[in-house]
Colleague: 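Right, I'll just put the structure down here and ask away after.
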Amino acid sequence: MQQVDLTGKVALVTGGSRGLGRAMSLGLAAAGAEVVVASRKLEACQAVVAEIEAAGGSALAVAAHTGRVEELDTLIAAALARFGRVDILINNAGISPAWGGLSELSPELFHKMFEVNTMGPWYLASRLAPHMGRQGGGIVVNVISVAALKPPANMGFYAASKAALQAMTKVMAAEWAPLNIRVNNLAPGNYHSDLFDSAAQNPEYLQGAIDATLQKRVAQTDEILGPLLYLVSDMSAFTTGGTLVSDGGFMVL
Ligand SMILES: NC(=O)c1ccc[n+]([C@@H]2O[C@H](COP(=O)([O-])OP(=O)(O)OC[C@H]3O[C@@H](n4cnc5c(N)ncnc54)[C@H](OP(=O)(O)O)[C@@H]3O)[C@@H](O)[C@H]2O)c1
């Protein structure tokens with residue numbers, strides 16, 4: 001991680017308070033970036049900021065619901081007011097609140113999942129892109145999921161909302177390449193977090209997740225950091241519109 005130097009860069013991480021987003025916020029700060037940590041709960045973001053500051057870094061906590069555009073406007077304004085720029089956007093916040101066959105799912109849930117998992121990332125990136133363009137470029141990473149690439153039964157809205165974001169990433173990359181903005185997807189497999197562990201209270205689900213990988217295990221959040229740091233650094237300077245998979249060899253539906 002320390003081989004990537006993000007000194008002078010400002011990174012904004014949605015869902016930065018817990019799980020992968022927390023690991024990413026800490027990892028980006030350890031690499032030298034100033035970090036805007038955003039999620040719905042301000043106190044949880046402030047706790048991550050305190051960890052970053054205790055380690056000598058600089059960070060800002062902002063409460064913002066990814067499904068509410070007015071809160072995303074406030075988030076952008078707060079980030080620019082504090083740091084004057086955003087170089088790296090990590091669209092990490094995502095939800096997977098319900099499991100069930102397509103015949104059992106409601107239109108209300110459809111809208112909720114697409115608002116948080118797809119609309120919010122598009123809105124935030126699209127409103128930040130002009131700023132990034134004016135400052136000479138930027139980097140966007142959209143966190144999707146291996147479920148978007150190999151959609152399993154009972155995860156219809158989750159898989160579809162992430163697959164839609166994957167497609168949007170390609171459009172972002174195409175439209176913003178002239179602004180020197182690179183946009184890529186990061187597609188993790190299963191790793192331990194509140195999101196995964198609540199589903200994995202069902203022993204069958206947990207065993208299925210383990211059995212589905214070539215490595216026969218579930219990852220820790222820190223194991224997804226290397227792929228992230230690759231995507232936000234010059235190591236991936238010739239990479240845009242792509243999808244980097246980190247899934248332990250996920251093979252089975
Ligand atoms: N865990 C896995 O195995 C796995 C696998 C593949 C992909 N992913 C994806 O990786 C990303 C991170 O997942 P995770 O497992 O780290 O999740 P997590 O442990 O549930 O953490 C989710 C984070 O997002 C925030 N959040 C939730 N809803 C939000 C909303 N509406 N607006 C703003 N922030 C919101 C949460 O904070 P607040 O509660 O304070 O809002 C929290 O910081 C998600 O996009 C997920 O789909 C996860």
Side-chain angles (χ1 to χ4, degrees), residues 4-94 115-143 165 168-169 172-173 175-176 179-184 186 225 228-229 231-233:
V4 172
D5 185 4
L6 300 176
T7 304
K9 304 288 186 191
V10 178
L12 192 165
V13 183
T14 67
S17 61
R18 288 188 278 119
L20 181 58
R22 175 179 170 277
M24 288 174 161
S25 296
L26 297 173
L28 290 163
E34 299 179 297
V35 183
V36 181
V37 181
S39 82
R40 290 167 301 180
K41 300 185 187 88
L42 184 61
E43 279 184 13
C45 297
Q46 286 169 333
V48 176
V49 166
E51 280 189 76
I52 291 171
E53 289 176 342
S58 174
L60 172 71
V62 182
H65 188 303
T66 307
R68 298 180 187 152
V69 294
E70 64 283 0
E71 295 186 23
L72 297 178
D73 287 334
T74 303
L75 170 59
I76 291 171
L80 295 177
R82 167 73 182 266
F83 296 115
R85 56 192 293 127
V86 174
D87 302 281
I88 298 165
L89 168 63
I90 314 295
N91 270 319
N92 164 74
E115 275 174 11
V116 174
N117 290 354
T118 316
M119 188 276 288
W122 153 71
Y123 187 82
L124 195 51
S126 68
R127 270 40 179 184
L128 271 173
H131 293 283
M132 289 178 168
R134 279 193 290 277
Q135 73 198 19
I139 291 169
V140 178
V141 175
N142 292 322
V143 178
L165 182 56
M168 193 92 74
T169 295
M172 292 177 185
E175 293 187 0
W176 303 337
L179 302 178
N180 193 31
I181 299 172
R182 295 193 294 110
V183 190
N184 288 290
L186 177 53
L225 269 186
L228 176 80
L229 290 171
L231 288 177
V232 302
S233 72

Colleague: Please give me the minimum heavy-atom distance between Ala11 and Ala33, naming the atom from each residue.
Modeller: CB-CB, 4.4 Å
Colleague: So do Lys9 and Val232 actually touch side chain to side chain, heavy atoms under 4.5 Å?
Modeller: no
Colleague: Applying the side-chain contact (heavy atoms from CB on, under 4.5 Å) criterion to Val36, which one of Ile76, Leu75, Leu89, Thr14 satisfies it?
Modeller: Leu75
Colleague: Quick one, Arg127 with Val69, criterion side-chain contact (heavy atoms from CB on, under 4.5 Å). Give me CA distance, side-chain angles, the key distance, then yes/no.
Modeller: CA-CA 10 Å; Arg127 270 40 179 184; Val69 294; over 6 Å; no
Colleague: How many angstroms lie between atom CG of Asp87 and atom CE of Met132, to the nearest 0.5 angstrom?
Modeller: 7.0 Å
Colleague: Taking all atoms of both residues into account, what is the closest heavy-atom pair of Cys45 and Ala38, and its distance?
Modeller: SG-C, 3.6 Å
Colleague: Taking Gly137's backbone N and O only, do any of them form a donor-acceptor pair with Arg182's side chain (distance below 3.5 Å, no angle check)?
Modeller: no
Colleague: First locate atom NZ of Lys41, then atom CZ of Arg18, and finally report the distance between them rounded to the nearest 0.5 Å.
Modeller: 5.0 Å
Colleague: Using modelled atom types and a 3.5 Å cut-off, is there a donor and acceptor pairing between side-chain atoms of Gln135 and backbone atoms of Val86?
Modeller: yes
Colleague: For a quick test of reading the model, state the closest non-hydrogen atom pair linking Met168 to Trp122 and the distance between them.
Modeller: CE-CB, 3.8 Å
Colleague: For the CZ atom of Arg134 and the CZ atom of Arg85, what is their distance to the nearest 0.5 Å?
Modeller: 12.5 Å
Colleague: Output yes when a side-chain donor or acceptor of Ser126 lies under 3.5 Å from a complementary backbone atom of Tyr123, and no otherwise.
Modeller: yes
Colleague: Has Asn184 got a side-chain atom pairing as donor or acceptor with Val141's backbone, closer than 3.5 angstrom?
Modeller: no
Colleague: Is any side-chain N of the basic residue among Glu34 and Arg82 closer than 4.0 Å to the acidic one's carboxylate O?
Modeller: no
Colleague: Does any N or O in the side chain of Asn92 come within less than 3.5 Å of the main-chain N or O of Val13, such that one atom is a donor and the other an acceptor?
Modeller: no
Colleague: Do Ile90 and Leu28 come close enough that some side-chain heavy atom pair is under 4.5 Å?
Modeller: yes
Colleague: What verdict does the side-chain contact (heavy atoms from CB on, under 4.5 Å) test give for Glu51 and Leu26, after you've listed the backbone C-alpha separation in whole Å, the side-chain angles of each residue and the deciding distance to 0.1 Å?
Modeller: CA-CA 8 Å; Glu51 280 189 76; Leu26 297 173; 3.8 Å; yes
Colleague: Give the minimum heavy-atom separation between Asn91 and Ala125, together with the two atoms involved.
Modeller: ND2-CB, 4.1 Å
Colleague: Could you check whether any side-chain N or O of Glu71 sits under 3.5 Å from a backbone N or O of His65, counting only pairs where one atom can act as donor and the other as acceptor?
Modeller: yes
Colleague: Quick check for you: to the nearest 0.5 Å, what is the distance between Ile181 atom CD1 and Ile88 atom CD1?
Modeller: 12.5 Å
Colleague: How long is the span from the CG atom in Asp5 to the CG atom in Leu229, to the nearest 0.5 Å?
Modeller: 11.5 Å
Colleague: On a heavy-atom basis, which atom in Gly16 and which in Ser25 lie closest, and how many Å separate them?
Modeller: O-OG, 3.6 Å
Colleague: Quick check: do Pro121 and Thr66 have side-chain heavy atoms less than 4.5 Å from each other?
Modeller: yes
Colleague: How about CD on Glu70, more than 12 heavy atoms from neighbouring residues, nucleotides or ligands closer than 6.0 Å, or not?
Modeller: yes
Colleague: Rounded to the nearest 0.5 Å, how far apart are CD1 of Ile139 and CG of Leu6?
Modeller: 8.0 Å
Colleague: Using atom types as modelled and distance alone, determine if a side-chain donor or acceptor of Asn180 lies under 3.5 Å from a backbone N or O of Gly136.
Modeller: yes
Colleague: For a quick test of reading the model, state the closest non-hydrogen atom pair linking Asn117 to Leu165 and the distance between them.
Modeller: O-CD2, 3.5 Å
Colleague: Would you call Leu60 and Val49 a side-chain contact if the rule is heavy atoms closer than 4.5 Å?
Modeller: no
